[in-house]
Amino acid sequence: MNKSLSIVIPAYNESKRILRTLNDIDSYITKISGSNLFKVIVVNDGSRDNTNEVVNNWIKNISKNKNCFSVISYEINRGKGYAVREAFKDISTELVLYTDADGASPIEEIEKLLPWIDQGHDVVVGSRVLKDEVTKVKMSFKRRFIGFSFHLILATLNLATIRDTQCGFKLYKKNVAEKLASLQKCFNYTFDVEHLYLAKRLGYKIKEVGVNWYHVEDSKVSMLRDSIKMFLEVLKVRFIYQYNIKEF
């Protein structure tokens, strides 16, 4: 690890799952002696539970690398994309990774993404679809079904250049993250699609890389609800850029 890295963790009602993720990241920072290279930003996206208190208490009383961790918190739930944008607007490190609060992709998987930045890519996308003999993906049927359906929707709308747009493990160069955040108009599920669409449109180099991913219990995924929601959100992306809508 030779570049400074911000890790952004959007969190909505994650008090039961986020501590394992924070402990894993804390241990990783200690393992590679990289406390001067890391910033970890938890964005409490208007949680109705005690996510904010749980995270702040963990930072104060448990973390071995307290100075690396911080919390952005606001009272109204505005969506995962909004939470990521809030953190992306003011990045002080060379790179930024956004990862899900459940830690489905272990933080060590960052080591599969970093070499592609060194090779000139601007965005490196962790993928649950691209697999090899060492990559392991343990995913429920409903997640596979939703992912397959979502990819078909993207292909139909000519927005699918990446096989797994929704994996919550993506690495950006600082300037790219800030640029995408400044242009971002979608703040729910499909902000990933918008980011990748904009990155391609702006001429940034994108690489998709297979990562280990494990299903974490207490999933918030609903097959019917989320399939419909994703379809509507993709249509929103299409209309925004087809008709040059400034806000949606």
Side-chain angles (χ1 to χ4, degrees), residues 6-31 38-88 96-110 126 128 136-147 150 164 166-170 187-192 211-230 233:
S6 289
I7 302 172
V8 172
I9 308 173
Y12 175 64
N13 293 346
E14 292 288 356
S15 61
K16 295 180 179 179
R17 303 194 297 181
I18 197 169
L19 291 187
R20 183 178 67 86
T21 300
L22 294 176
N23 280 319
D24 288 347
I25 293 173
D26 199 30
S27 296
Y28 182 73
I29 293 172
T30 300
K31 176 183 173 182
F38 286 86
K39 291 185 180 297
V40 184
I41 307 163
V42 178
V43 186
N44 175 42
D45 181 28
S47 296
R48 297 178 183 175
D49 67 359
N50 62 337
T51 295
N52 192 45
E53 292 79 7
V54 165
V55 173
N56 278 300
N57 181 67
W58 178 88
I59 294 172
K60 181 180 178 181
N61 298 307
I62 300 174
S63 173
K64 300 181 183 70
N65 300 280
K66 295 179 180 12
N67 292 336
C68 295
F69 292 83
S70 63
V71 180
I72 297 173
S73 186
Y74 41 86
E75 294 185 0
I76 300 174
N77 175 243
R78 299 184 181 276
K80 184 178 179 182
Y82 185 94
V84 170
R85 188 193 68 162
E86 286 302 287
F88 276 19
V96 54
L97 172 81
Y98 109 71
T99 184
D100 286 339
D102 62 9
S105 281
I107 188 59
E108 288 81 4
E109 296 301 286
I110 186 71
R128 299 162 295 183
K136 298 179 180 179
V137 175
K138 295 182 179 179
M139 191 185 305
S140 65
F141 169 77
K142 67 179 179 180
R143 279 190 179 271
R144 290 186 186 278
F145 178 81
I146 290 172
F150 191 55
D164 185 7
Q166 300 310 108
C167 181
F169 202 76
K170 294 182 175 68
F187 303 117
N188 292 313
Y189 289 95
T190 45
F191 83 94
D192 299 85
V211 293
N212 290 325
W213 190 95
Y214 304 94
H215 172 72
V216 179
E217 293 302 323
D218 294 324
S219 171
K220 300 171 184 174
V221 173
S222 165
M223 188 180 294
L224 178 61
R225 180 197 67 208
D226 291 335
S227 295
I228 294 172
K229 194 176 289 186
M230 286 179 175
E233 286 289 319

Taking all non-hydrogen atoms of both residues, which atom of I9 and which atom of A101 are closest, and how far apart?
CG2-CA, 3.6 Å

Rounded at 0.5 Å granularity, tell me how far CZ in F187 sits from CD in E86.
8.5 Å

In a check of side-chain contact (heavy atoms from CB on, under 4.5 Å) between N52 and each of I72, V71, N57, which one passes?
V71

What are the two closest non-hydrogen atoms of G126 and C167, and how far apart are they?
O-CB, 3.1 Å

Would you give the length of the straight line joining atom NZ of K16 to atom CG of D102, rounded to the nearest 0.5 angstrom?
14.5 Å

With under 30° as parallel and over 60° as perpendicular, where do the rings of W58 and F69 fit, or are they tilted in between?
perpendicular

Spell out, as yes or no, whether a donor-acceptor pair under 3.5 Å connects the side chain of D45 to the backbone of R78.
yes

Taking the side chain as every heavy atom from C-beta outward, state whether W213 and F169 have any pair of such atoms under 4.5 Å apart.
no

Quick one, V40 and I29 - any side-chain contact, counting heavy atoms below 4.5 Å?
yes

Could you give the distance from CG (D26) to NZ (K66), rounded to the nearest 0.5 Å?
8.0 Å

Nearest-0.5 Å distance that lies between atom CD1 in I25 and atom CD in E108:
9.5 Å

side-chain hydrogen bond (donor to acceptor under 3.5 Å, both in side chains) involving Q166 - partner list, sequence neighbours excluded
none

Side chains of N65 and T30, donor plus acceptor under 3.5 Å:
yes

Nearest 0.5 Å, please: how far is OH in Y12 from CG in N77?
4.5 Å

How close do S15 and V54 get, counting heavy atoms only, and between which atoms?
CB-CG2, 4.0 Å

For the residue pair F191 and F88, is the inter-centroid distance of their aromatic rings smaller than 6.0 Å?
no

Just by modelled atom types, is the D49 backbone N or O under 3.5 Å from a matching donor or acceptor in the N13 side chain?
yes

Side-chain donor-acceptor pair under 3.5 Å between N44 and Y74, yes or no?
no

Which one of D100, N188, D192 satisfies the side-chain hydrogen bond (donor to acceptor under 3.5 Å, both in side chains) criterion with K80?
D100

Given side-chain contact (heavy atoms from CB on, under 4.5 Å), test I110 with I7 step by step and report yes or no.
CA-CA 10 Å; I110 186 71; I7 302 172; over 6 Å; no

Between S105 and V211, what is the shortest heavy-atom contact and its length?
OG-CG2, 3.6 Å

Residues which pass salt bridge (charged side-chain N to carboxylate O under 4.0 Å, His left out) with D24, listed by chain and number, not counting sequence neighbours
R20

Heavy-atom side-chain proximity of L22 to I59 below 4.5 angstrom:
no

